[in-house]
Amino acid sequence: MSDFTLTPSSETSAKKLMVSLDEAQAQQLQLIGNFSHEMRTPLSLVYGYMQSIHRRNENLTDLQKNALEIAMFEMKHTIQLLQESLDLARLDCHAICLRRESVPLHGLISEAIAFSPQVKSREITVESEESNILVLADAARLQQVLLRLIDNAVKYSDTAITIRLEKSGDYVAISICDRGCGIDLQDQLNIFNPFYRVDRSRNRDTGGAGLGLAIAKVLVEGMGGTLNVYSQLGEGSIFKIILKSLVSSA
Ligand code: ADP
C-alpha cells in the first residue's frame with residue numbers, strides 16, 4: 001500500500017485548500033478588474049487628445065511627431081491590455097452574459113479570416129465535409145476567439161494555416177492548425193493561464209501580455225464548449241474548439 005493515503009480528514013483539508021485557492025484567484029482577478037477599469041477611462045481620454053494633436057499635426061517638428069507616435073503606440077497597447085484584463089475579470093465573475101444562439105459556422109469563419117489584421121498574404125484553407133454547419137454559441141464572442149486563434153497561428157508560424165471543421169454526433173470541432181514552432185508539454189499545461197507567455201523575453205511584435213488564450217478558453221467554456229491544444233515542439237499546434245451543433249433547417 002502507498003505511504004501517501006488520503007484519510008477523510010486530509011481529504012476535507014485538501015478540498016478546503018482548493019476552495020481557498022479558488023477564492024484567492026477570484027479576489028486577485030477582481031482586483032485586476034477594478035484597477036483596469038479605473039485606469040482605462042483616463043488613459044482612453046489621454047489617447048483621444050494625442051490622436052487629435054496628431055491629426056491636426058500643426059507646428060510639430062519631425063522629432064515631436066515621432067515621439068508622439070511612439071507614445072500613442074504604447075498607450076494603445078496599454079489600453080488594450082487593460083481592456084483584456086477587465087474582460088477576463090468580468091468573465092470570471094459572470095458579469096458578461098454570453099448569448100446562446102444558432103451560429104452558421106462557415107460564414108463566421110470567412111468573416112474572421114477577412115477581418116484578421118494579421119493574415120495579409122498568408123494562405124488559410126478551410127476544410128469541411130459539410131457546408132452548412134450550425135453551432136450553439138455567442139456569434140460575436142466566438143468571432144473574437146477565432147480572431148485570436150488565427151492571429152496566434154499567423155504569429156507563431158510562417159507557412160499555410162488550416163481551419164478544419166468536423167461534425168461528430170451532437171458536436172462540432174473547429175481546429176485551427178499551424179505548422180509553426182509548436183509548444184512543449186510543460187508550456188501546454190500553462191498557456192491558458194492569465195499572463196502566461198512561453199517566451200517571456202519576446203517583444204510586442206510577436207506577442208501580447210499572455211491574456212488572449214485565457215480569455216478565449218473562458219469564452220468557449222461559457223458557451224458550453226471546450227478549448228484544448230495539441231502540439232509538438234518544432235512541428236506545429238492545433239487549437240481545437242468543441243461546441244454543440246444544431247440541426248440545420250436547410
Ligand atoms: P500572447 O498575447 O502572448 O500571444 P496568448 O494568451 O494568446 O498570449 O498566448 C500565450 C502563449 O502561448 C504565447 O505567448 C505563445 O508563446 C503561446 N502560443 C499561443 N498560440 C501559439 C501557437 N499557435 N503556436 C505556438 N505558440 C503559441
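Order of listing sets the numbers, starting from 1, for every ligand and every atom in it.
No single ILVMFWY cluster, assembled from side-chain heavy atoms under 4.5 Å apart, contains both Ile215 and Leu82.
Residue contact annotation: Gly180 has no non-hydrogen atom under 4.0 Å from ligand 1. Assignment of Phe239 to the shell around ligand 1 is supported, since a heavy atom sits closer than 4.0 Å.
Side-chain contact between Cys177 and Arg164: present, with at least one pair of heavy atoms (C-beta onward) separated by less than 4.5 Å. Using a 4.5 Å cut-off on side-chain heavy atoms (C-beta onward), Gln188 and Tyr230 make no contact. Looking only at side-chain heavy atoms (C-beta outward), Leu227 and Glu221 stay at 4.5 Å or farther from each other.
With a heavy-atom cut-off of 4.0 Å, Asp178 touches ligand 1 through its side chain alone. Looking at Ile183 against ligand 1, only its side chain comes within 4.0 Å, counting heavy atoms. Counting heavy atoms under 4.0 Å from ligand 1, residue Cys181 touches it through the side chain alone.
Of the candidates Arg40, Arg148, Arg90, Arg148 is the only one forming a salt bridge (Lys or Arg N to Asp or Glu O under 4.0 Å) with Glu84.
Remark: ligand 1 atoms within the under-4.0 Å shell around heavy atoms of Arg148 are 2 (O), 7 (O).
With atom 17 (C) of ligand 1 as the reference point, the heavy atom nearest to it among Asp184, Val198, Val154, Asn190 is part of Val198.
Every residue two or more places apart in sequence or in another chain that forms a side chain to side chain contact (heavy atoms under 4.5 Å, CB included) with Asn193 is listed here: Asn190, Tyr196.
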